[in-house]
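Structure first, commentary second.
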Amino acid sequence: NKEIIDVIKRSGGRLLTNIEVFDVYTGDKINNDEKSIAYNLKFEDINKTLTEEEVMTVFNKIICDVETKLNAKVRNGE
């Protein structure tokens, strides 16, 4: 979990101002050697209001980095 948070922080850069785990799930629809972890991410720029495009660019970078660097999968809330 710390490794995931570290990758998220690095990928999010200065716009990612807070990260919290709000759910960890194991059970149905999850393999025995896996778990589903949900994170709450806060993006902020003290100098301006962020656009949706700016946030999504950083968010997509985070997803890409977590998937490639940690061999993780992003779930669609199934």
Side-chain angles (χ1 to χ4, degrees):
N1 190 22
K2 181 182 178 334
E3 188 177 17
I4 296 169
I5 289 175
D6 288 345
V7 170
I8 292 171
K9 284 180 180 178
R10 280 193 304 274
S11 301
R14 66 173 183 81
L15 297 182
L16 179 63
T17 59
N18 192 40
I19 178 171
E20 295 177 359
V21 173
F22 71 86
D23 187 39
V24 177
Y25 176 77
T26 57
D28 292 345
K29 299 184 183 180
I30 303 290
N31 293 335
N32 288 338
D33 61 339
E34 295 178 343
K35 59 185 164 184
S36 176
I37 306 171
Y39 296 91
N40 183 17
L41 307 178
K42 180 179 178 184
F43 298 94
E44 187 175 35
D45 188 328
I46 60 170
N47 298 312
K48 65 176 185 161
T49 300
L50 293 171
T51 66
E52 182 176 348
E53 183 179 344
E54 289 170 316
V55 172
M56 290 309 296
T57 297
V58 176
F59 183 71
N60 289 330
K61 180 180 182 338
I62 291 169
I63 289 172
C64 181
D65 287 351
V66 168
E67 288 180 331
T68 58
K69 293 179 181 178
L70 301 174
N71 197 28
K73 293 180 272 187
V74 175
R75 294 181 62 220
N76 288 334
E78 298 169 356

Heavy atoms of other groups near [X] [atom1], more than 12 under 6.0 Å:
X: Phe43; atom1: CZ; result: yes
X: Asn71; atom1: CG; result: no
X: Asp33; atom1: CG; result: yes
X: Glu34; atom1: CD; result: yes

When rounded to the nearest 0.5 angstrom, what distance separates [atom1] in [X] from [atom2] in [Y]?
X: Ile8; Y: Ile63; atom1: CD1; atom2: CD1; answer: 9.5 Å
X: Ile62; Y: Met56; atom1: CD1; atom2: CE; answer: 10.0 Å
X: Lys69; Y: Arg10; atom1: NZ; atom2: CZ; answer: 6.0 Å
X: Asp45; Y: Thr51; atom1: CG; atom2: OG1; answer: 10.5 Å

Are any side-chain N or O atoms of Thr26 and backbone N or O atoms of Lys35, one a donor and one an acceptor, separated by less than 3.5 Å? no

So, for Leu50 and Glu54, which heavy atoms are closest and what is the spacing to 0.1 Å? CA-OE1, 3.3 Å

Test of understanding: clusters of I, L, V, M, F, W, Y form through side-chain heavy atoms closer than 4.5 Å, transitively. Do Val66 and Phe22 belong to the same one? no

Indicate if Ile30 and Leu70 have the same hydrophobic cluster label, given that clusters are the connected sets of ILVMFWY residues with side-chain heavy-atom separations under 4.5 angstrom. no

Sorted by chain and number, sequence neighbours left out, side chain to side chain donor-acceptor pair (under 3.5 Å) with Asn1 holds for Tyr39

Side-chain touch Ile19/Ile5, heavy atoms, less than 4.5 angstrom: yes

Any side-chain heavy-atom pair of Val58 and Leu16 under 4.5 Å: no

Tell me, with the steps shown, if Lys61 and Thr57 meet side chain to side chain contact (heavy atoms under 4.5 Å, CB included). CA-CA 6 Å; Lys61 180 180 182 338; Thr57 297; 6.0 Å; no

